[in-house]
Amino acid sequence: MTRQPLIQRLCVIGVGLIGGSLARALREKGEVAEVVGAGRGEDNLRVAVRLGVVDRYDTDPARAVAGADVVVVAVPLGAIEPVLRAIVPRLSPDAVVTDVGSAKGSVVADVERIYGHIPPNFVPGHPIAGTEKSGVKASFAALFQRRRVILTPLAETAATAHRLVRKMWELTGAEVVDMGVRHHDAVLAATSHLPHMLAYTLVDTLARLDDRAEIFRYAAGGFRDFTRIASSDPRMWHDICVANREQLLEMIALFSADLSRLAEAIRDDDRAAILATFQRAKRARDNLYLD
Ligand code: NAP
(Lines give C-alpha, C1' and ligand atoms only; values in the text may rest on other atoms or scores of the structure.)
Protein backbone atom coordinates (compact mmCIF):
# COMPACT_ATOMS: atom_id res chain seq x y z
CA MET A 1 0.00 0.00 0.00
CA THR A 2 1.44 3.41 -0.94
CA ARG A 3 1.71 5.95 1.83
CA GLN A 4 -0.16 9.24 1.49
CA PRO A 5 2.03 12.33 1.27
CA LEU A 6 1.89 14.64 4.28
CA ILE A 7 0.24 17.39 2.23
CA GLN A 8 -2.32 16.85 -0.53
CA ARG A 9 -2.46 20.39 -1.90
CA LEU A 10 0.14 22.93 -0.85
CA CYS A 11 -0.40 26.55 -1.82
CA VAL A 12 2.73 28.71 -1.79
CA ILE A 13 2.03 32.41 -2.03
CA GLY A 14 5.31 34.02 -3.06
CA VAL A 15 7.26 31.41 -5.02
CA GLY A 16 10.65 32.98 -4.42
CA LEU A 17 13.82 31.84 -2.69
CA ILE A 18 12.09 30.61 0.47
CA GLY A 19 8.69 29.52 -0.86
CA GLY A 20 10.26 27.87 -3.90
CA SER A 21 12.89 26.05 -1.83
CA LEU A 22 10.24 24.70 0.54
CA ALA A 23 8.13 23.42 -2.36
CA ARG A 24 11.18 21.82 -3.97
CA ALA A 25 12.23 20.09 -0.73
CA LEU A 26 8.75 18.66 -0.08
CA ARG A 27 8.43 17.49 -3.66
CA GLU A 28 11.81 15.81 -3.56
CA LYS A 29 10.64 13.84 -0.51
CA GLY A 30 7.36 12.93 -2.19
CA GLU A 31 5.50 14.58 0.69
CA VAL A 32 3.21 16.81 -1.35
CA ALA A 33 0.73 15.66 -4.02
CA GLU A 34 0.13 19.04 -5.66
CA VAL A 35 1.72 22.49 -5.37
CA VAL A 36 -0.16 25.62 -6.41
CA GLY A 37 1.85 28.83 -6.64
CA ALA A 38 0.66 32.42 -6.36
CA GLY A 39 2.37 35.75 -6.87
CA ARG A 40 1.93 39.07 -8.62
CA GLY A 41 3.93 38.54 -11.78
CA GLU A 42 3.41 35.74 -14.28
CA ASP A 43 7.07 35.71 -15.36
CA ASN A 44 8.34 34.25 -12.09
CA LEU A 45 5.37 31.86 -11.83
CA ARG A 46 5.86 30.55 -15.36
CA VAL A 47 9.48 29.82 -14.50
CA ALA A 48 8.26 28.06 -11.35
CA VAL A 49 6.10 25.72 -13.48
CA ARG A 50 8.90 25.16 -15.97
CA LEU A 51 11.34 24.26 -13.20
CA GLY A 52 8.80 21.86 -11.70
CA VAL A 53 8.58 23.83 -8.44
CA VAL A 54 4.79 24.23 -8.74
CA ASP A 55 2.21 22.29 -10.76
CA ARG A 56 0.12 25.35 -11.60
CA TYR A 57 -0.31 28.93 -10.51
CA ASP A 58 -2.80 31.73 -10.12
CA THR A 59 -2.00 35.43 -9.87
CA ASP A 60 -4.98 35.79 -7.55
CA PRO A 61 -3.97 34.39 -4.13
CA ALA A 62 -7.64 34.03 -3.13
CA ARG A 63 -8.25 31.64 -6.03
CA ALA A 64 -4.93 29.88 -5.48
CA VAL A 65 -5.78 28.77 -1.90
CA ALA A 66 -9.00 26.97 -2.90
CA GLY A 67 -8.89 23.38 -1.67
CA ALA A 68 -5.37 23.70 -0.18
CA ASP A 69 -4.75 21.85 3.09
CA VAL A 70 -1.59 23.88 3.80
CA VAL A 71 -0.99 27.50 2.77
CA VAL A 72 2.50 29.00 3.10
CA VAL A 73 2.69 32.78 2.86
CA ALA A 74 6.24 33.50 1.66
CA VAL A 75 5.96 37.13 0.50
CA PRO A 76 7.87 40.16 1.88
CA LEU A 77 6.66 41.25 5.33
CA GLY A 78 4.88 44.35 3.99
CA ALA A 79 2.74 42.19 1.70
CA ILE A 80 1.62 39.69 4.34
CA GLU A 81 -1.39 41.66 5.62
CA PRO A 82 -2.99 42.32 2.18
CA VAL A 83 -2.32 38.73 1.11
CA LEU A 84 -3.90 37.30 4.28
CA ARG A 85 -6.85 39.66 3.98
CA ALA A 86 -7.44 38.46 0.42
CA ILE A 87 -7.22 34.73 1.15
CA VAL A 88 -9.10 34.45 4.45
CA PRO A 89 -12.61 34.27 2.92
CA ARG A 90 -11.49 31.55 0.49
CA LEU A 91 -9.55 29.22 2.80
CA SER A 92 -10.83 25.68 3.36
CA PRO A 93 -12.20 25.40 6.91
CA ASP A 94 -9.39 23.04 8.01
CA ALA A 95 -6.57 24.70 6.05
CA VAL A 96 -3.41 25.29 8.08
CA VAL A 97 -1.79 28.64 7.33
CA THR A 98 1.82 29.47 8.09
CA ASP A 99 4.27 32.19 7.05
CA VAL A 100 8.04 32.55 6.76
CA GLY A 101 8.43 36.24 7.62
CA SER A 102 11.70 37.36 9.19
CA ALA A 103 9.94 39.20 12.05
CA LYS A 104 7.08 37.65 13.95
CA GLY A 105 5.46 40.37 16.10
CA SER A 106 4.31 42.29 13.03
CA VAL A 107 2.82 39.17 11.42
CA VAL A 108 0.91 38.26 14.58
CA ALA A 109 -0.38 41.86 14.75
CA ASP A 110 -1.46 41.61 11.06
CA VAL A 111 -3.36 38.40 11.82
CA GLU A 112 -5.06 39.92 14.89
CA ARG A 113 -6.14 42.95 12.85
CA ILE A 114 -7.64 40.76 10.15
CA TYR A 115 -9.41 38.15 12.29
CA GLY A 116 -9.94 40.11 15.51
CA HIS A 117 -8.31 37.11 17.24
CA ILE A 118 -5.65 34.47 16.59
CA PRO A 119 -7.15 31.61 14.59
CA PRO A 120 -6.13 28.11 15.84
CA ASN A 121 -4.93 27.00 12.38
CA PHE A 122 -2.37 29.78 12.01
CA VAL A 123 1.24 28.89 12.89
CA PRO A 124 3.83 31.69 12.55
CA GLY A 125 7.23 30.48 11.36
CA HIS A 126 10.66 31.64 10.23
CA PRO A 127 13.32 29.50 8.56
CA ILE A 128 16.80 30.68 9.57
CA ALA A 129 18.21 29.99 6.14
CA GLY A 130 18.63 32.04 3.04
CA THR A 131 20.97 33.61 0.57
CA GLU A 132 21.28 37.13 -0.82
CA LYS A 133 19.43 35.98 -3.98
CA SER A 134 15.72 36.30 -4.76
CA GLY A 135 13.10 34.68 -6.96
CA VAL A 136 12.27 31.09 -7.85
CA LYS A 137 15.44 30.66 -9.92
CA ALA A 138 17.46 31.10 -6.74
CA SER A 139 15.50 28.39 -4.88
CA PHE A 140 16.96 24.94 -4.15
CA ALA A 141 15.72 21.90 -2.24
CA ALA A 142 18.68 21.68 0.16
CA LEU A 143 18.35 25.26 1.49
CA PHE A 144 16.93 24.20 4.86
CA GLN A 145 19.09 21.14 5.48
CA ARG A 146 20.77 21.30 8.89
CA ARG A 147 19.33 24.82 9.35
CA ARG A 148 16.95 25.91 12.05
CA VAL A 149 13.33 26.82 11.59
CA ILE A 150 11.75 28.80 14.40
CA LEU A 151 8.02 28.44 15.03
CA THR A 152 6.32 30.93 17.34
CA PRO A 153 3.00 29.22 18.15
CA LEU A 154 0.61 31.19 20.31
CA ALA A 155 -1.64 30.10 23.17
CA GLU A 156 -4.52 29.89 20.67
CA THR A 157 -2.58 27.72 18.15
CA ALA A 158 -4.08 24.24 17.71
CA ALA A 159 -1.69 21.39 18.55
CA THR A 160 -2.61 19.60 15.31
CA ALA A 161 -1.73 22.64 13.16
CA HIS A 162 1.52 23.13 15.08
CA ARG A 163 2.45 19.46 14.62
CA LEU A 164 1.74 19.57 10.88
CA VAL A 165 3.89 22.66 10.29
CA ARG A 166 6.66 21.22 12.45
CA LYS A 167 6.57 17.95 10.46
CA MET A 168 6.57 19.87 7.15
CA TRP A 169 9.77 21.70 8.07
CA GLU A 170 11.44 18.61 9.54
CA LEU A 171 10.94 16.89 6.17
CA THR A 172 13.12 19.57 4.56
CA GLY A 173 16.01 18.51 6.81
CA ALA A 174 15.65 21.43 9.21
CA GLU A 175 15.75 21.38 13.00
CA VAL A 176 12.55 22.96 14.27
CA VAL A 177 12.51 24.96 17.51
CA ASP A 178 9.69 26.83 19.24
CA MET A 179 10.17 30.33 20.61
CA GLY A 180 8.08 33.20 21.95
CA VAL A 181 7.26 35.97 19.47
CA ARG A 182 9.10 38.76 21.32
CA HIS A 183 12.08 36.58 22.05
CA HIS A 184 12.31 35.64 18.36
CA ASP A 185 12.28 39.29 17.30
CA ALA A 186 14.94 40.24 19.87
CA VAL A 187 17.23 37.37 18.89
CA LEU A 188 16.86 38.02 15.16
CA ALA A 189 17.38 41.77 15.60
CA ALA A 190 20.78 40.92 17.10
CA THR A 191 21.91 38.06 14.87
CA SER A 192 20.46 38.98 11.49
CA HIS A 193 18.81 42.38 11.28
CA LEU A 194 21.67 44.41 12.85
CA PRO A 195 24.37 42.73 10.68
CA HIS A 196 22.34 43.59 7.56
CA MET A 197 22.13 47.23 8.68
CA LEU A 198 25.90 47.30 9.17
CA ALA A 199 26.63 45.76 5.77
CA TYR A 200 24.23 48.05 3.92
CA THR A 201 25.52 51.16 5.71
CA LEU A 202 29.19 50.28 5.23
CA VAL A 203 28.79 49.74 1.49
CA ASP A 204 26.62 52.85 1.16
CA THR A 205 29.15 55.01 3.04
CA LEU A 206 32.08 53.80 0.94
CA ALA A 207 30.12 53.96 -2.31
CA ARG A 208 29.51 57.68 -1.77
CA LEU A 209 33.18 58.55 -1.30
CA ASP A 210 34.86 60.43 -4.15
CA ASP A 211 37.56 57.82 -4.55
CA ARG A 212 35.13 54.87 -4.34
CA ALA A 213 36.44 53.22 -7.53
CA GLU A 214 39.92 53.10 -6.03
CA ILE A 215 38.58 51.84 -2.70
CA PHE A 216 36.52 49.00 -4.18
CA ARG A 217 39.39 48.00 -6.49
CA TYR A 218 41.41 47.07 -3.42
CA ALA A 219 38.59 45.39 -1.54
CA ALA A 220 39.85 42.00 -0.40
CA GLY A 221 38.18 38.80 0.77
CA GLY A 222 37.30 40.14 4.20
CA PHE A 223 35.38 43.04 2.71
CA ARG A 224 33.57 40.68 0.34
CA ASP A 225 32.61 38.31 3.19
CA PHE A 226 31.42 41.12 5.41
CA THR A 227 29.36 42.85 2.73
CA ARG A 228 27.85 39.87 0.84
CA ILE A 229 24.52 40.42 2.58
CA ALA A 230 24.34 44.01 1.29
CA SER A 231 23.34 42.38 -2.02
CA SER A 232 20.09 41.18 -0.42
CA ASP A 233 16.78 42.50 -1.72
CA PRO A 234 16.42 46.14 -0.50
CA ARG A 235 12.61 46.01 -0.43
CA MET A 236 12.65 42.87 1.74
CA TRP A 237 15.05 44.51 4.20
CA HIS A 238 13.09 47.74 4.20
CA ASP A 239 10.08 45.70 5.32
CA ILE A 240 12.08 43.92 8.03
CA CYS A 241 13.33 47.26 9.47
CA VAL A 242 9.79 48.61 9.60
CA ALA A 243 8.39 45.38 11.06
CA ASN A 244 11.00 44.96 13.81
CA ARG A 245 11.59 48.67 14.49
CA GLU A 246 11.77 48.64 18.30
CA GLN A 247 14.03 45.64 18.74
CA LEU A 248 16.27 46.76 15.88
CA LEU A 249 16.62 50.28 17.29
CA GLU A 250 17.71 48.82 20.64
CA MET A 251 20.45 46.81 18.93
CA ILE A 252 21.57 49.77 16.78
CA ALA A 253 21.83 51.94 19.94
CA LEU A 254 23.87 49.28 21.73
CA PHE A 255 26.18 48.83 18.76
CA SER A 256 26.54 52.59 18.18
CA ALA A 257 27.59 53.08 21.82
CA ASP A 258 30.22 50.34 21.50
CA LEU A 259 31.49 51.76 18.19
CA SER A 260 31.74 55.22 19.77
CA ARG A 261 33.73 53.73 22.66
CA LEU A 262 36.11 52.14 20.17
CA ALA A 263 36.44 55.48 18.33
CA GLU A 264 37.25 57.18 21.65
CA ALA A 265 39.87 54.56 22.44
CA ILE A 266 41.46 55.10 19.01
CA ARG A 267 41.36 58.90 19.41
CA ASP A 268 42.81 58.72 22.97
CA ASP A 269 45.45 56.20 21.88
CA ASP A 270 44.06 53.83 24.54
CA ARG A 271 45.84 50.78 23.16
CA ALA A 272 44.82 48.50 26.02
CA ALA A 273 41.13 49.23 25.38
CA ILE A 274 41.51 48.63 21.64
CA LEU A 275 43.30 45.34 22.15
CA ALA A 276 40.85 44.22 24.84
CA THR A 277 37.91 44.81 22.47
CA PHE A 278 39.47 42.79 19.69
CA GLN A 279 40.58 39.99 22.04
CA ARG A 280 37.07 39.67 23.52
CA ALA A 281 35.57 39.59 20.03
CA LYS A 282 38.07 37.04 18.72
CA ARG A 283 37.47 34.76 21.72
CA ALA A 284 33.72 34.99 21.21
CA ARG A 285 33.95 34.41 17.44
CA ASP A 286 36.32 31.45 17.82
CA ASN A 287 33.96 29.80 20.28
CA LEU A 288 30.95 30.17 18.02
CA TYR A 289 29.74 27.32 15.90
CA LEU A 290 28.89 29.29 12.76
CA ASP A 291 29.87 27.25 9.71
P1 NAP B 1 11.76 36.48 -2.83
O2 NAP B 1 12.73 35.49 -3.38
O3 NAP B 1 11.74 37.85 -3.38
O4 NAP B 1 10.30 35.86 -2.96
C5 NAP B 1 9.16 36.56 -2.59
C6 NAP B 1 8.07 36.24 -3.59
O7 NAP B 1 6.89 36.92 -3.18
C8 NAP B 1 8.41 36.72 -4.99
O9 NAP B 1 8.55 35.58 -5.81
C10 NAP B 1 7.25 37.63 -5.39
O11 NAP B 1 6.80 37.19 -6.64
C12 NAP B 1 6.20 37.38 -4.32
N13 NAP B 1 5.51 38.60 -3.92
C14 NAP B 1 6.03 39.79 -3.58
N15 NAP B 1 5.06 40.64 -3.24
C16 NAP B 1 3.90 39.97 -3.37
C17 NAP B 1 2.54 40.32 -3.18
N18 NAP B 1 2.20 41.54 -2.78
N19 NAP B 1 1.62 39.38 -3.41
C20 NAP B 1 1.94 38.13 -3.82
N21 NAP B 1 3.22 37.75 -4.02
C22 NAP B 1 4.18 38.66 -3.79
O23 NAP B 1 11.93 36.63 -1.26
P24 NAP B 1 12.34 35.55 -0.16
O25 NAP B 1 13.78 35.73 0.14
O26 NAP B 1 11.83 34.21 -0.55
O27 NAP B 1 11.54 36.12 1.08
C28 NAP B 1 10.19 35.83 1.29
C29 NAP B 1 9.88 35.93 2.77
O30 NAP B 1 10.78 35.08 3.49
C31 NAP B 1 10.04 37.34 3.36
O32 NAP B 1 8.97 37.60 4.25
C33 NAP B 1 11.35 37.25 4.15
O34 NAP B 1 11.31 38.10 5.27
C35 NAP B 1 11.38 35.79 4.54
N36 NAP B 1 12.72 35.22 4.72
C37 NAP B 1 13.72 35.50 3.84
C38 NAP B 1 14.97 34.94 4.04
C39 NAP B 1 16.11 35.22 3.10
O40 NAP B 1 17.27 35.07 3.47
N41 NAP B 1 15.86 35.61 1.87
C42 NAP B 1 15.19 34.06 5.12
C43 NAP B 1 14.13 33.77 5.97
C44 NAP B 1 12.89 34.34 5.76
P45 NAP B 1 6.16 38.25 -7.66
O46 NAP B 1 7.18 39.33 -7.83
O47 NAP B 1 5.86 37.47 -8.88
O48 NAP B 1 4.93 38.70 -6.98
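Atoms within each ligand, like the ligands themselves, are counted from 1 in listed order. Given the structure is predicted, the values throughout are model-derived calculations rather than measurements.
The number of heavy-atom neighbours closer than 6.0 Å to CG of D210, taken from other residues, nucleotides and ligands shown, is 12 or below.
Within the listing of ligand 1, atoms 1 (P), 2 (O) sit less than 4.0 angstrom from a heavy atom of G135.
Residue-to-ligand polar distances place L17 within reach of ligand 1: an N/O pair is separated by less than 3.5 Å. Considering both main-chain and side-chain atoms, K133 never comes within under 3.5 Å of ligand 1 through any nitrogen or oxygen pair. Between G41 and ligand 1, at least one N/O pair is under 3.5 Å apart. Between H126 and ligand 1, a contact under 3.5 Å exists for no N or O pair. Close N/O approach between V75 and ligand 1 is found [any backbone or side-chain N/O within under 3.5 Å].
The closest approach between D239 and ligand 1 stays at or above 4.0 Å for every heavy atom of the residue.
With rounding to the nearest 0.5 angstrom, the OH atom of Y218 is 5.0 Å from the CD atom of E214.
Only the backbone of T131 comes within 4.0 Å of ligand 1, counting heavy atoms alone; no side-chain atom from C-beta on gets that close. The proximity of A129 to ligand 1, defined as any non-hydrogen pair under 4.0 Å, is limited to the backbone.
Atom 6 (C) of ligand 1 has G14 CA, 3.6 Å as its closest protein atom, hydrogens excluded (heavy atom only).
Across every non-hydrogen atom of F122 and D99, the tightest pair is CZ-OD1, 3.9 Å.
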